[in-house]
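Below, chains carry the letters A, B, ... as their sequence lines are ordered, and counting in each starts from 1.
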Amino acid sequence: MSASRRYWLVKSEPSVFSIRDLAKSPKQRTSWDGVRNYQARNYMRQMVLGDQVLFYHSNADPPCIVGIAEVVRTAYADDTQFDKSSHHYDPGSSKSAPRWDMVDLGYRREFPVSLSLDRLRGEPDLKRMELLRKGSRLSVQPVTPSEWNCILELAGVGKKNRKTG
DNA sequence: GCCAACGTTGGC
DNA sequence: GCCAACGTTGGC
């Protein structure tokens with residue numbers, strides 16, 4: 001068994017569900033439903049409680065990382081796959097063998113400054129980040145510890161920015 | 001709105 | 001198992 005991951009990134013269109021929507025949700029939690037990509041699903045299945053998650057706004061102006069969420073419930077069946085009225089309905093899935101999972105995410109913080117794609121592309125430490133790969137469409141993706149640290153510094157919430165201690 | 005990149009489907 | 005057609009994602 002491989003080591004569990006600690007850091008992730010999820011994408012959401014702010015016109016559909018923004019980080020502020022998450023902050024305003026009951027208990028500041030939401031189920032991350034609607035993921036219909038096997039690789040993204042598999043990453044969600046690897047998540048453990050307490051894993052930290054970058055929140056990215058896609059189809060935004062500009063597209064940017066806006067804050068942090070946390071895994072508050074590990075993978076379980078996404079009920080929208082059984083709901084015929086949902087546009088996430090999957091006729092090929094069944095309750096006895098659910099095809100799609102979701103996790104629950106809790107709000108942690110919104111960054112004082114959002115980090116646009118342009119800003120991220122300017123960072124040598126992020127050159128290999130999945131988010132910045134040309135043609136990358138993965139809506140749930142792993143983030144390395146060094147990428148995580150770099151992003152928190154850029155956002156002004158990293159260790160170097162902490163005044164107390 | 002355009003379109004490149006990508007994932008999925010289905011004919012063969 | 002190949003690959004063309006199609007649908008979707010998401011930056012621009």
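Between A/Asn59 and A/Ser136, it is A/Asn59 whose nearest contact on DNA chain B lies nearer the 5' terminus.
Rounding to the nearest 0.5 Å places OH of A/Tyr76 at 10.0 Å from CE of A/Met44. Distance check, rounded to the nearest 0.5 Å: CD1 of A/Ile65 to NZ of A/Lys11 gives 10.5 Å.
The aromatic ring centroids of A/Tyr38 and A/Trp100 lie less than 6.0 Å from each other.
On the nucleic acid side, DNA chain C has its first and last nucleotide under 4.0 Å of a heavy atom of chain A at C/dG7 to C/dC12, going 5' to 3'.
Put simply, the residue from A/Val66, A/Ile19, A/Ile151 that forms a side chain to side chain contact (heavy atoms under 4.5 Å, CB included) with A/Phe111 is A/Ile151. When A/Ser94, A/Ser86, A/Ser93 are each tested for a side-chain hydrogen bond (donor to acceptor under 3.5 Å, both in side chains) with A/Gln81, only one passes: A/Ser93.
Contacts with DNA chain C (heavy atom under 4.0 Å) in residues 116-124 of chain A: A/Leu117, A/Arg121, listed by number.
Between the side chain of A/Asp21 and the main chain of A/Ser18, a donor-acceptor pair closer than 3.5 Å is present.
Within a 6.0 Å radius of CZ in A/Arg99, more than 12 heavy atoms belonging to other residues, nucleotides or ligands are found.
Remark: A/Ser31 engages no residue in a side chain to side chain donor-acceptor pair (under 3.5 Å) (not counting sequence neighbours).
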